[in-house]
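In what follows, a single structure is set out as structure tokens and then discussed.
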Amino acid sequence: MERKLIISDLLRKAWQSLVAQIWVLAGLVIGYTIISLLLTCTMPYVGFPGRTALGVANTLFTLVFALGYLKNLFQALDGEEPQFSAYGQMSRKVFALLFAYILYWTIVSIGLVLLIVPGIYVGLRLVFAPQIIVEENAGALSSLRRSWEITRGATGQVFKLVLAGCGIMLLGHIAFGVGVFAAIPLAHLMMCAAYRQLIIRGQ
């Protein structure tokens, strides 16, 4: 039996949380974008060792931001003010997220090579690994295994959710590009809300 994820309900919950913390959540995305661009734009002006160091720094910065921002999104969903301390707390999970991403894209790529559809299916089943790393303090393998478990019977709904998120991001880009800074947290808030709903229904 397929578990129901009501997209309109998830969007409503995500929107309420976003409106309550719009300046913090959008401001963090803007801050991340500026710092990442600065690191990227600096690379052509330094030697090979410098480019390598900047590349590593940018990757680590992106992973720490992704983890801390997910924690902030869960805080917003709980009606709490997002805390900057989340980034320090989540930094110890950087390698778990890195390995989860590597495993995720390896598995999905193999699936895509095997006729595309298996890759899409696997990608949808494993999509909640980052949320699980943040919320359940899981490792790379256990987060992927857990995502596979909670999405059983809900693949179609997760597909609709991902499409809705892509639509939100597209609308954000159409809105003179500025809207993307609100679209990014909104789409990710929907994913976090969906993860929690799947956890509850799986119990």
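Given the structure is predicted, the values throughout are model-derived calculations rather than measurements.
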Looking at every non-hydrogen atom in both residues, tell me the closest pair between Ala96 and Ala138 and how far apart they are. CB-O, 4.2 Å
Measure across Leu25 and Pro185 and return the closest heavy-atom pair with its distance rounded to 0.1 Å. CB-CB, 4.1 Å
When rounded to the nearest 0.5 angstrom, what distance separates CZ in Phe95 from CG in Leu97? 11.0 Å
Could you walk me through whether Ser142 and Arg145 satisfy the side-chain contact (heavy atoms from CB on, under 4.5 Å) test, starting with their C-alpha distance in whole Å, then the side-chain angles of each, then the deciding distance to 0.1 Å, before giving a yes or no? CA-CA 5 Å; Ser142 54; Arg145 192 181 309 116; 4.0 Å; yes
Is it true that atom CH2 of Trp148 has more than 12 heavy atoms of other residues, nucleotides or ligands lying nearer than 6.0 Å? yes
Just say parallel, tilted or perpendicular for the rings of Tyr69 and Phe65, cut-offs at 30° and 60°. parallel
Side chains of Val162 and Cys166: closer than 4.5 Å at any heavy-atom pair? yes
Could you go step by step and tell me if Leu67 and Tyr87 meet the side-chain contact (heavy atoms from CB on, under 4.5 Å) rule? CA-CA 7 Å; Leu67 289 164; Tyr87 296 87; over 6 Å; no
Distance (rounded to the nearest 0.5 Å) between Tyr101 OH and Thr59 OG1: 12.0 Å
Here the gap from Leu126 atom CG to Ile132 atom CD1, rounded to the nearest 0.5 Å, amounts to 9.0 Å
Listed by chain and number, what are the side-chain contact (heavy atoms from CB on, under 4.5 Å) partners of Leu103, not counting sequence neighbours? Ala140, Leu141, Leu144
Given 3.5 Å as the limit, does a donor-acceptor pair link the side chain of Gln75 with the main chain of Gln83, or not? yes
If I take atom OG1 from residue Thr155 and atom CD1 from residue Ile120, how far apart are they, to the nearest 0.5 angstrom? 12.5 Å
Side-chain donor-acceptor pairs of residues 33-43 under 3.5 Å, sequence neighbours excluded:
| unit_1 | atom_1 | unit_2 | atom_2 | d |
| --- | --- | --- | --- | --- |
| Thr33 | OG1 | Val29 | O | 2.8 |
| Ser36 | OG | Asn58 | OD1 | 3.3 |
| Thr40 | OG1 | Ser36 | O | 2.9 |
| Thr40 | OG1 | Asn58 | ND2 | 3.4 |
| Thr42 | OG1 | Leu38 | O | 2.5 |

Is Tyr104 reachable from Val113 through a run of I, L, V, M, F, W or Y residues, each pair having side-chain heavy atoms under 4.5 Å apart? no
Side-chain heavy-atom pair Leu161, Met190 within 4.5 angstrom cut-off: yes
If you group Ile, Leu, Val, Met, Phe, Trp and Tyr by side-chain heavy-atom gaps below 4.5 Å, do Trp23 and Phe181 land in one group? yes
Within residues 112-134 or reaching into it, pairs that qualify as side-chain hydrogen bond (donor to acceptor under 3.5 Å, both in side chains) - sequence neighbours excluded: Tyr121-Arg125, Arg125-Thr151
Name each donor-acceptor pair under 3.5 Å that joins a side chain in residues 6-15 to protein atoms two or more places apart or in another chain, with its distance.
| unit_1 | atom_1 | unit_2 | atom_2 | d |
| --- | --- | --- | --- | --- |
| Asp9 | OD1 | Arg12 | NH1 | 2.9 |
| Lys13 | NZ | Leu77 | O | 3.2 |

Here the salt bridge (charged side-chain N to carboxylate O under 4.0 Å, His left out) pairs for residues 75-96, sequence neighbours left out, are Asp78-Arg196
The reported gap from OG in Ser17 to CD1 in Ile22 (rounded to nearest 0.5 angstrom) is 11.5 Å
Separation of His188 NE2 from Leu186 CG (nearest 0.5 Å): 11.0 Å
What one should report as the nearest heavy-atom pair of Ala86 and Gly68 is CB-O, 4.0 Å
Residues passing the salt bridge (charged side-chain N to carboxylate O under 4.0 Å, His left out) test with Glu136, sequence neighbours excluded, are Arg146
I need the minimum non-hydrogen distance between Ser143 and Ala100, along with the two atoms involved. OG-CB, 4.1 Å
Consider only side-chain heavy atoms of I, L, V, M, F, W and Y, link residues closer than 4.5 Å, and tell whether Tyr45 and Val56 are in one cluster. no
Start with the C-alpha distance between Met90 and Val64, add both sets of side-chain angles, then the distance that settles side-chain contact (heavy atoms from CB on, under 4.5 Å), and finish with yes or no. CA-CA 7 Å; Met90 294 294 108; Val64 171; over 6 Å; no
So, Tyr32 side chain and Thr62 main chain: donor-acceptor pair closer than 3.5 Å or not? no
Should we count CZ of Phe159 as having more than 12 external heavy atoms under 6.0 Å? no
